[in-house]
J.: 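Sending over a structure as structure tokens; questions will come in a sec.
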Amino acid sequence: MALPDTAPLLVGLLLIFHALGAWAIVEVNMEDKVEVMAGDTAQITCMFTTDEGLGGTTIQWFYVLPNKKRQRIYNKEPMHEAAEQNTPFTDRISLNVTGTAAVLVIRDVGVKDNLEFICVIKTITPEEAEGRTKLQVFKSPTFPTIEAVERGVSVNEEDPSKIGSCSVKNGYPKPNITWYRNNMPLRITPDEVDLKSSITIESSGLYSVQSELRMKVKKEDKDAKFYCEVLYFVPGATKMTESQHINITVYYPPTEVNIWVESPKGKIKEGDTLELRCENNGNYPSSITTIKHQNSGSSVENNKMVRTNVTRLDGGVYECTFTETDNFEEISGSTKVLVNYLESAVITPKDSITVMEEEELKASCNALSSLQTDITWFKNEKLVSKGNSLSVKSATFETAGMYKCVVTVPEMEGMKTSGTLQVNVKGSPQILGPGVQEVETYETTVNLNCSARGFPAPTIMWTTSDGKNLNALQTETEDGAQSVVTFKITSSVKVFCNASNDFGSKVVEFNIKAILNTILTTITSMPTISTTTRSTTTISNDTVVHTTPTTTTTTSTNAITDDTVQTPTKSPNIKKESKGFVIAIIIIAILLLAILGSVLYFLYKKGRICGRSGKQDFSKRKSSKDNIVVEMKSDNTEEAILLGVNGEKQQPNDQ
């Protein structure tokens with residue numbers, strides 16, 4: 001290292017200066033104090049001057065221990081510098097030297113760093129100088145917490161009573177607390193105001209302060225506002241913070257007692273929760289408040305009485321008594337409570353009633369109440385009658401069902417009761433819908449629905465016109481039964497729904513027409529149209545007239561008449577799309593017939609039918625009439641009618 005090599009040189013220079021008697025002059029200037037907030041970085045500056053310059057200058061930093069001794073924390077020599085080990089500042093300090101200024105930097109300052117620091121400047125000669133700076137660390141305390149006394153304070157207390165306490169924590173230096181009453185500071189006054197403070201030094205070195213206020217109160221103090229003010233220090237300033245305001249309870253003798261129903265507001269009904277409150281115009285600490293129900297004798301020692309799920313027996317007079325325990329003087333007040341009631345609805349007959357069809361139905365509904373009531377009867381959520389009586393002169397199956405009697409109290413919302421009555425009407429079943437129902441369908445599967453009313457509930461059976469029984473699922477309804485049957489059809493058929501019970505039976509007929517099969521059968525029928533052409537040739541000079549008949553037979557694959565294709569009648573089981581399908585088939589068939597007739601006529605004209613040749617010479621043939629005839633044949637008659645080209649009718653013997 002370089003230090004051992006230069007040591008002889010430094011020693012030599014020291015001897016030369018000593019021999020010549022020349023000593024360097026050293027001066028140090030430092031601030032009296034440096035202020036910093038806890039947690040920040042502090043910088044302590046040491047300004048120095050020396051004739052030797054920095055080359056031969058040694059800078060040392062110390063802090064003063066509580067026993068007034070000094071502890072070195074940093075040493076800087078011309079060829080070496082380092083922080084002293086095993087000190088509270090070893091890992092938190094550094095030294096910045098610029099010209100004649102040596103700045104000690106202390107990071108993360110705490111309140112324990114509130115110490116005096118010494119800067120020592122030494123030269124090669126024995127001359128040295130030092131300076132001192134006090135490091136002052138500040139920490140703002142927490143927001144003050146104020147607590148009022150939990151119990152009230154009596155005006156009759158002989159000694160000052162505790163009003164509240166105020167505390168502030170973790171401040172440095174020690175914060176100060178001042179009490180206020182209605183914005184006026186309170187000072188210690190013998191027998192009137194007493195202030196007691198306690199100071200705690202935390203393990204971190206921070207201060208926590210608590211102050212307690214005691215004073216003799218007056219009646220007007222019941223509205224007074226108390227609070228505390230905390231004064232604390234920061235670098236270069238003083239700050240203040242104010243606590244929340246509190247109010248205390250001041251007890252003083254009463255002159256009047258009031259008791260009232262706190263809830264519910266308005267009229268009271270059975271099932272409510274009754275809450276009674278009692279107050280007086282005083283506020284005395286040593287007293288007993290008692291609320292008593294005179295009818296039952298039950299009581300509570302409190303200014304509030306709560307009775308849940310009250311009944312009419314909870315009505316009556318309630319009395320509140322205020323007793324001073326000092327002299328046992330009593331002051332009381334009372335109020336009367338009325339509990340309204342509505343008993344359960346009673347329906348006669350009970351639960352259910354069964355009447356024969358066309359007999360008179362009578363029922364009544366009543367409910368005992370302390371107030372006026374309204375009674376209404378409902379069936380299927382619809383109003384059917386008002387008043388306590390339900391009457392139907394001639395019962396029908398429409399009369400059967402569940403009836404609900406609702407009893408309400410118009411004066412009180414939510415006060416109501418209800419009961420139900422099941423009405424059954426005995427009689428022969430009635431099947432809903434007409435006795436004969438036409439069903440037209442294009443489908444191969446049909447769903448039939450049969451609903452019957454009656455009591456007892458009817459049994460529904462399904463049969464066909466050919467005597468077959470159909471299996472179906474039956475479900476009971478409110479006024480009878482319902483059954484749905486599903487089966488496949490291949491042709492028109494009749495299906496019967498039979499509903500029966502102990503009083504008779506009813507049958508409804510479903511006439512099912514299979515439209516699709518009828519149309520296909522009609523289209524595939526093939527009637528024959530025969531056309532006969534009569535040709536007559538006349539030869540001049542009295543030659544014999546020769547006539548050659550020509551017959552053309554045309555077979556049509558689509559013959560549609562009014563008797564074979566009918567427009568389906570309206571039915572709820574037929575869809576509009578199916579009707580359109582039938583009309584489309586009819587139109588296509590007519591178009592095909594027209595096209596076929598045109599083709600046949602064209603071929604006939606060209607001589608392609610029945611051996612007719614277009615090369616015959618008609619110029620030599622004469623005839624007074626064109627004897628071309630058409631023979632129309634029908635499946636229903638053997639009569640043939642011959643029509644001339646000019647529309648003249650000819651008999652067969654004219655051929």
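Here the structure is a predicted model, which is why all the values come from computation and not from measurement. This chain uses plain numbering: 1 for the first residue, then up along the sequence.
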J.: Output the distance between atom OG (S492) and atom NZ (K513), rounded to the nearest 0.5 Å.
T.: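 The OG atom of S492 sits 7.5 Å away from the NZ atom of K513.
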J.: Of the non-hydrogen atoms in V310 and D314, which two are nearest, and what is the gap between them?
T.: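 Smallest interatomic distance, heavy atoms only, reads CA-OD2, 3.1 Å.
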J.: Before you tell me yes or no, could you show the steps for R307 and S298 under side chain to side chain contact (heavy atoms under 4.5 Å, CB included), namely the whole-Å CA-CA distance, both residues' side-chain angles and the distance that decides it to 0.1 Å?
T.: CA-CA 11 Å; R307 311 196 78 168; S298 61; 3.3 Å; yes
J.: Once rounded to the nearest 0.5 Å, what's the spacing between atom NZ of K362 and atom CG of L390?
T.: 11.5 Å
J.: Excluding sequence neighbours, so at least two apart, what forms side-chain contact (heavy atoms from CB on, under 4.5 Å) with T308?
T.: T273, V306
J.: Apply side chain to side chain contact (heavy atoms under 4.5 Å, CB included) to residues L432 and R453 and explain how you reach the verdict.
T.: CA-CA 8 Å; L432 303 181; R453 294 184 300 188; 3.6 Å; yes
J.: State, to 0.1 Å, how close G454 and F397 come at their nearest heavy-atom pair, and which atoms those are.
T.: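 Minimum heavy-atom contact is CA-CE2, 3.3 Å.
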J.: Look at the side chain of W377 and the backbone N and O of G387, then say whether any donor-acceptor pair between them is shorter than 3.5 Å.
T.: yes
J.: Would one find more than 12 heavy atoms of other residues, nucleotides or ligands at under 6.0 Å from atom CD of E279?
T.: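 No, the 6.0 Å shell around CD holds no more than 12 heavy atoms from other groups.
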J.: Compare every heavy atom of V257 with every heavy atom of S332, then report the nearest pair and how far apart it is.
T.: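 So the minimum-distance heavy-atom pair works out to C-CB, 4.1 Å.
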J.: If every non-hydrogen atom of T373 is compared with every non-hydrogen atom of S369, which pair is closest and at what distance?
T.: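 Shortest heavy-atom separation between T373 and S369 comes out as CG2-CB, 3.5 Å.
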J.: Taking only distance into account, with no hydrogens and no angle test, what donor-acceptor pairs under 3.5 Å do side-chain atoms of residues 340-348 form with protein atoms, sequence neighbours excluded?
T.:
unit_1	atom_1	unit_2	atom_2	d
N340	OD1	S370	OG	3.1
N340	ND2	I268	O	3.0
E343	OE2	R312	NH1	3.3
E343	OE2	R312	NH2	3.4

J.: Measuring only between side-chain heavy atoms, which start at C-beta, is V425 closer than 4.5 Å to T396?
T.: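 Of all side-chain heavy-atom pairs linking T396 with V425, none is under 4.5 Å.
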J.: State whether a side-chain donor-acceptor pair under 3.5 Å links S391 with S389.
T.: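 Not at all, the side chains of S391 and S389 share no donor-acceptor pair under 3.5 Å.
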J.: Can you check whether L448 reaches W462 side chain to side chain, under 4.5 Å on heavy atoms?
T.: yes
J.: Which atom pairs, donor and acceptor, lie under 3.5 Å between side-chain atoms of residues 493-506 and protein residues at least two apart or in another chain?
T.:
unit_1	atom_1	unit_2	atom_2	d
N501	OD1	F503	N	2.9
N501	OD1	G504	N	3.4
N501	ND2	G427	O	3.0
N501	ND2	P456	O	3.1
K506	NZ	S428	OG	3.3

J.: Verify the neighbour count for atom NZ of K292: are there more than 12 heavy atoms of other residues, nucleotides or ligands below 6.0 Å?
T.: no
J.: Do the side chains of M415 and E270 get nearer than 4.5 Å, heavy atoms only?
T.: no
J.: Is the CE atom of M412 crowded by more than 12 outside heavy atoms at less than 6.0 Å?
T.: yes
J.: To the closest 0.5 Å, what do you measure between NE2 (H245) and CZ (F226)?
T.: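 Taking NE2 in H245 and CZ in F226, the distance rounds to 12.0 Å.
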J.: Would a 4.5 Å heavy-atom cut-off, applied to side chains only, mark F378 and S418 as touching?
T.: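 Of all side-chain heavy-atom pairs linking S418 with F378, none is under 4.5 Å.
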J.: Do T486 and T445 pass the side chain to side chain contact (heavy atoms under 4.5 Å, CB included) test, and can you show the C-alpha distance, the side-chain angles, and the key distance before you say yes or no?
T.: CA-CA 7 Å; T486 301; T445 301; 3.6 Å; yes
J.: Are L383 and T376 packed together at the side-chain level, in the sense that at least one heavy-atom pair is separated by less than 4.5 angstrom?
T.: yes
J.: Return yes if some donor-acceptor pair links the side-chain N/O of D351 with the main-chain N/O of Q422 below 3.5 Å, else return no.
T.: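 No, D351 side chain to Q422 backbone: no donor-acceptor pair under 3.5 Å.
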J.: Flag the pair R277 / E275 as yes when at least one side-chain heavy-atom distance between them is below 4.5 Å, and no otherwise.
T.: yes
J.: Are the side chain of N380 and the backbone of K382 linked by a donor-acceptor contact shorter than 3.5 Å?
T.: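 Side chain of N380 to backbone of K382, a donor-acceptor pair under 3.5 Å: no, none is there.
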J.: Going by atom type alone, with no hydrogens or angles, which donor-acceptor pairs under 3.5 Å involve a side-chain atom of residues 402-410 and a protein atom two or more places apart or on another chain?
T.:
unit_1	atom_1	unit_2	atom_2	d
Y403	OH	T399	O	2.5

J.: Got a sec: does the CG of N471 have more than 12 other heavy atoms crowding it under 6.0 Å?
T.: no
J.: What pairs of residues pass the ring-ring contact (aromatic ring centres under 6.0 Å, His included) test when at least one of them lies in residues 289-320, not counting sequence neighbours?
T.: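 Output for this query lists H293-Y318.
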J.: Using a cut-off of 6.0 Å, state whether more than 12 heavy atoms not belonging to E360 lie near its atom CD.
T.: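 It does: E360 CD has more than 12 such atoms within range.
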J.: Could you pull out all residues at least two apart from K225 that satisfy salt bridge (charged side-chain N to carboxylate O under 4.0 Å, His left out)?
T.: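 Residues passing salt bridge (charged side-chain N to carboxylate O under 4.0 Å, His left out) with K225: none at all.
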J.: What I'd like to find out is whether the side chain of L470 reaches to under 4.5 Å of the side chain of T464, using heavy atoms alone.
T.: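 Result yes, sub-4.5 Å side-chain heavy-atom pair found.
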J.: Under a 3.5 Å distance rule, please check whether N295 uses its side chain to pair with a backbone N or O of G315 as donor and acceptor.
T.: yes
J.: Answer yes or no: does atom CD of E262 have more than 12 heavy-atom neighbours from other residues, nucleotides or ligands under 6.0 Å?
T.: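 Above 12, so yes.
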J.: If you measure from CG on L276 to SG on C320, what distance do you get to the nearest 0.5 Å?
T.: 9.5 Å
J.: For a quick test of reading the model, state the closest non-hydrogen atom pair linking C450 to I460 and the distance between them.
T.: O-CD1, 3.7 Å
J.: Taking the side chain as everything from C-beta on, heavy atoms only, tell me whether T290 gets closer than 4.5 Å to T323.
T.: no
J.: Measure the OG1-CG distance between T289 and N302 for me, rounded to the nearest 0.5 Å.
T.: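 Between T289 OG1 and N302 CG, I get 8.0 Å after rounding to 0.5 Å.
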J.: For S364, is there any backbone N or O sitting under 3.5 Å from a side-chain donor or acceptor partner on N388?
T.: no
J.: Which heavy atom of K304 sits nearest a heavy atom of I291, and at what distance?
T.: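 Smallest interatomic distance, heavy atoms only, reads N-CD1, 3.8 Å.
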J.: Taking atom NZ of K416 as the centre, report whether more than 12 heavy atoms of other residues, nucleotides or ligands fall under 6.0 Å from it.
T.: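 No - once you tally the heavy atoms of other residues, nucleotides and ligands closer than 6.0 Å, there are 12 at most.
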J.: Distance from I590 atom CD1 to I595 atom CD1, nearest 0.5 Å?
T.: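 One gets 12.0 Å once the value is rounded to the nearest 0.5 Å.
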